[in-house]
Amino acid sequence: MSPLTEQLRQATAEEARAVMGTALARRLARGALDRGGYARLLSSLQTLYAELEWALLWNRRHPGVGPLCLPELWCNELLQDDLRSLLGPGWHASARRQDVAAYVERLGLLCDTTPALLAAHAWVLYATELPGAGQSGAGMSRTLGLRGASGTSYLRHATHLDGTAYRAHLLDTLDQMVLGERERDALVHEARHAVKGLLGLYELLGRGLPSTREERASAASVWGRLMPLRGAFGA
């Protein structure tokens with residue numbers, strides 16, 4: 001039988017590629033988000049991580065949750081620091097949370113009813129490659145005129161406190177869990193649910209992005225190439 005984490009990776013591969021292919025993910029990779037779009041993304045992620053980390057801590061005595069409580073990987077405080085840099089000391093009042101309301105509700109339900117399934121969300125949010133996470137943050141710093149690591153702590157978190165080693169530990173912990181077929185299937189289903197939730201978030205936030213100069217130029221170029229075809233059809 002394949003290791004659990006490999007099973008999770010294969011089951012979510014299609015949705016994961018879709019997340020990385022969204023307009024928001026591509027623009028984040030280029031460091032081309034405006035301040036509003038970037039803050040809205042970080043606000044959503046902060047809300048997710050805060051809920052997950054609280055749920056993990058609350059269920060730390062659960063045998064399937066306790067070994068996954070690795071504060072060294074947690075991102076809530078990093079995202080709070082970033083939002084404080086972007087929005088000021090009153091960031092909490094102006095942060096948007098409604099974009100992830102359904103996802104947060106799901107985490108709350110698992111916390112209360114089936115905490116073992118929180119493992120799937122821990123795998124997705126801490127041990128998979130998410131858009132932007134692990135970058136140097138230099139692109140966003142240049143775009144937004146940020147200084148040092150200010151506003152980009154989350155993007156840099158892959159190296160925070162030797163994050164690579166802690167992620168490897170999380171993966172190894174998941175693979176060593178003794179699970180029956182039904183339990184594995186439930187975790188796979190939940191992981192797909194989690195990645196689809198992220199895909200929905202990135203698609204939603206991407207629809208509100210203003211077009212960049214490069215995108216407008218590309219669109220104009222495509223339209224220019226199509227213009228001669230109009231005459232060919234008698235337009």
* Do Asn76 and Gln46 have side-chain heavy atoms sitting under 4.5 Å apart? -> yes
* May I ask you to decide if Tyr103's main-chain N or O and Arg106's side chain share a donor-acceptor pair within less than 3.5 Å? => no
* Whether Glu183 side chain and Gly180 backbone form a donor-acceptor pair below 3.5 Å -> yes
* Does the side-chain contact (heavy atoms from CB on, under 4.5 Å) test come out yes or no for Leu8 and Thr128, once each step is laid out? -> CA-CA 10 Å; Leu8 295 173; Thr128 63; over 6 Å; no
* Is any side-chain heavy atom of Leu83 closer than 4.5 Å to a side-chain heavy atom of Gln80? -> no
* **Shortest non-hydrogen separation from Tyr202 to Ala25 and the atoms involved** => CD2-N, 4.3 Å
* Asked: Is the backbone of Glu15 close enough, under 3.5 Å, to the side chain of Thr12 for a donor and an acceptor to pair up by distance?
  -> no
* To do: Could you please spell out the steps behind the salt bridge (Lys or Arg N to Asp or Glu O under 4.0 Å) verdict for Arg182 and Asp185?
  => CA-CA 5 Å; Arg182 182 175 299 181; Asp185 289 345; over 6 Å; no
* Distance-only, no hydrogens or angles: does the Arg84 side chain make a donor-acceptor pair with backbone N or O of Trp91 under 3.5 Å? -> no
* Using a 4.5 Å cut-off on heavy atoms from C-beta on, say whether the side chain of His92 contacts that of Arg97. => yes
* Asked: Does Asp81 offer a backbone N or O that forms a donor-acceptor pair with the side chain of Ser85 under 3.5 Å?
  -> yes
* Asked: Okay, side chain of Thr143, backbone of Gly139: is any donor-acceptor separation there less than 3.5 Å?
  -> yes
* Exam field: side chain Tyr49 to backbone Leu78, donor-acceptor pair closer than 3.5 Å -> no
* With a 4.5 Å heavy-atom cut-off, do Leu174 and Leu68 have their side chains touching? -> yes
* Under 3.5 Å, side chain of Asp82 to main-chain N/O of Ser153, donor-acceptor pair present? -> yes
* Using only heavy-atom distances, determine whether the side chains of Tyr126 and Glu53 contain a donor-acceptor pair under 3.5 Å. => yes
* To do: Using a strict 4.0 Å threshold on nitrogen-to-oxygen distance, state whether Arg184 and Glu181 make a salt bridge.
  => no
* To do: Test Val19 against Leu201 for side-chain contact (heavy atoms from CB on, under 4.5 Å), laying out the working first.
  => CA-CA 9 Å; Val19 173; Leu201 172 65; over 6 Å; no
* Nearest non-hydrogen partners of Leu187 and Ala119, listed with the distance -> CD2-CB, 4.0 Å
* Asked: How close do Ser43 and Arg96 get, heavy atom to heavy atom, and via which atoms?
  -> CB-O, 3.3 Å
* To do: Supply the atom-to-atom distance Leu170 CG to Leu70 CG, rounded to the nearest 0.5 angstrom.
  => 6.0 Å
* Parallel under 30°, tilted from 30 to 60°, perpendicular over 60°: which one fits the rings of Trp58 and Trp54? -> parallel
* Asked: Does some side-chain heavy atom of Tyr38 sit less than 4.5 Å from a side-chain heavy atom of Leu28?
  -> yes
* Leu73 vs Leu125 side-chain heavy atoms within contact, under 4.5 Å -> no
* Asked: Tell me, do His121 and Leu110 make a side-chain contact under 4.5 Å, heavy atoms counted?
  -> yes
* To do: Step by step, work out the side-chain contact (heavy atoms from CB on, under 4.5 Å) result for Leu146 and Leu86.
  => CA-CA 9 Å; Leu146 302 171; Leu86 294 168; 4.2 Å; yes
* For Gln10, which of Glu6, Gln7, Glu14 qualifies under side-chain hydrogen bond (donor to acceptor under 3.5 Å, both in side chains)? -> Glu6
* Asked: Where the side chain of Asp175 meets the backbone of Thr5, is there a donor-acceptor pair that is under 3.5 Å apart?
  -> yes
* Contact summary for Gly137 and Leu155, nearest pair of heavy atoms -> CA-CD1, 4.1 Å
* Side-chain contact test, heavy atoms from C-beta onward, threshold under 4.5 Å: evaluate it for Met20 versus Pro131 and give yes or no. => yes
